[in-house]
Amino acid sequence: MAFETSITLKDCLYTYKLHPNVKKFTLKDNTFAETKVGNFELSRLLEEIPNSGQGFLLKIIFNKDLSGFKINITDKSGLRLVNIFKSESQKIIQEKFYFLMDSLVERDIFIKEEQTK
């Protein structure tokens, strides 16, 4: 998947866009780690029961010049993409995703726009 300036995950209520004021130090302050190639990556396990080790892996990656990003939600192994928004049984996982993304919106990393159907 290529780096994008705007991403809408399948069945997600919102579109997330790259904030024009995003800075490298802001990413580092929000636990993004710099990779060997210079990208910035945040990995979080979205768990229904905290510290259970059971859940879905959220990965957000910014390219090194901060002109684009990727968002992936996969199974715990990181190999298979998962849609956490298609089922009401995933409500807690969805709330944890939205909570994390809202914190990144508040810190001028993303701009959140509601989907129109």
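Side chains included, hydrogens not; waters and symmetry mates left out as well; all remaining heavy atoms used.
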Residues in salt bridge (Lys or Arg N to Asp or Glu O under 4.0 Å) contact with [X], at least two apart in sequence or another chain:
X: D75; result: R80
X: D102; result: K112
X: E95; result: none

Hydrophobic clusters here meaning ILVMFWY residues chained together by side-chain heavy-atom distances under 4.5 Å, can you tell me if [X] and [Y] are in one?
X: M101; Y: L45; result: no
X: L13; Y: I71; result: yes
X: I111; Y: L100; result: no

When the side chains of residues 20-28 are checked against the rest of the protein, which donor-acceptor pairs come out under 3.5 Å, sequence neighbours left out?
residue	atom	partner	partner atom	Å
K24	NZ	K64	O	3.3
K28	NZ	E34	OE1	3.4

Could you tell me which non-hydrogen atom of [X] sits nearest to which non-hydrogen atom of [Y], and how far apart they are?
X: F40; Y: G38; result: CE1-O, 3.6 Å
X: I84; Y: F97; result: CD1-CB, 4.0 Å
X: S6; Y: F69; result: N-CE2, 4.1 Å
X: N63; Y: N39; result: CA-OD1, 3.3 Å
X: F32; Y: L104; result: CE1-CD2, 4.1 Å

**Message:** For F85 and Y98, take the angle between the two ring planes, folded into 0 to 90°, and tell me which bin it lands in: parallel under 30, tilted 30 to 60, perpendicular over 60.
**Reply:** tilted
**Message:** With heavy-atom distances below 4.5 Å as the criterion, would you say the side chains of I60 and F110 are in contact?
**Reply:**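 Yes, at least one pair of side-chain atoms sits under 4.5 Å.
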**Prompt:** After noting the C-alpha distance and the side-chain angles of T31 and R44, does the key distance pass the side-chain contact (heavy atoms from CB on, under 4.5 Å) rule?
**Reply:** CA-CA 10 Å; T31 68; R44 286 283 180 279; 2.6 Å; yes
What side-chain donor-acceptor pairs closer than 3.5 Å can you find for residues 48-59, not counting sequence neighbours?
residue	atom	partner	partner atom	Å
S52	OG	I49	O	2.9
S52	OG	Q54	N	3.1
S52	OG	Q54	O	3.4

**Message:** Just to verify, what does K86 make a side-chain contact (heavy atoms from CB on, under 4.5 Å) with, not counting sequence neighbours?
**Reply:** D11, N83
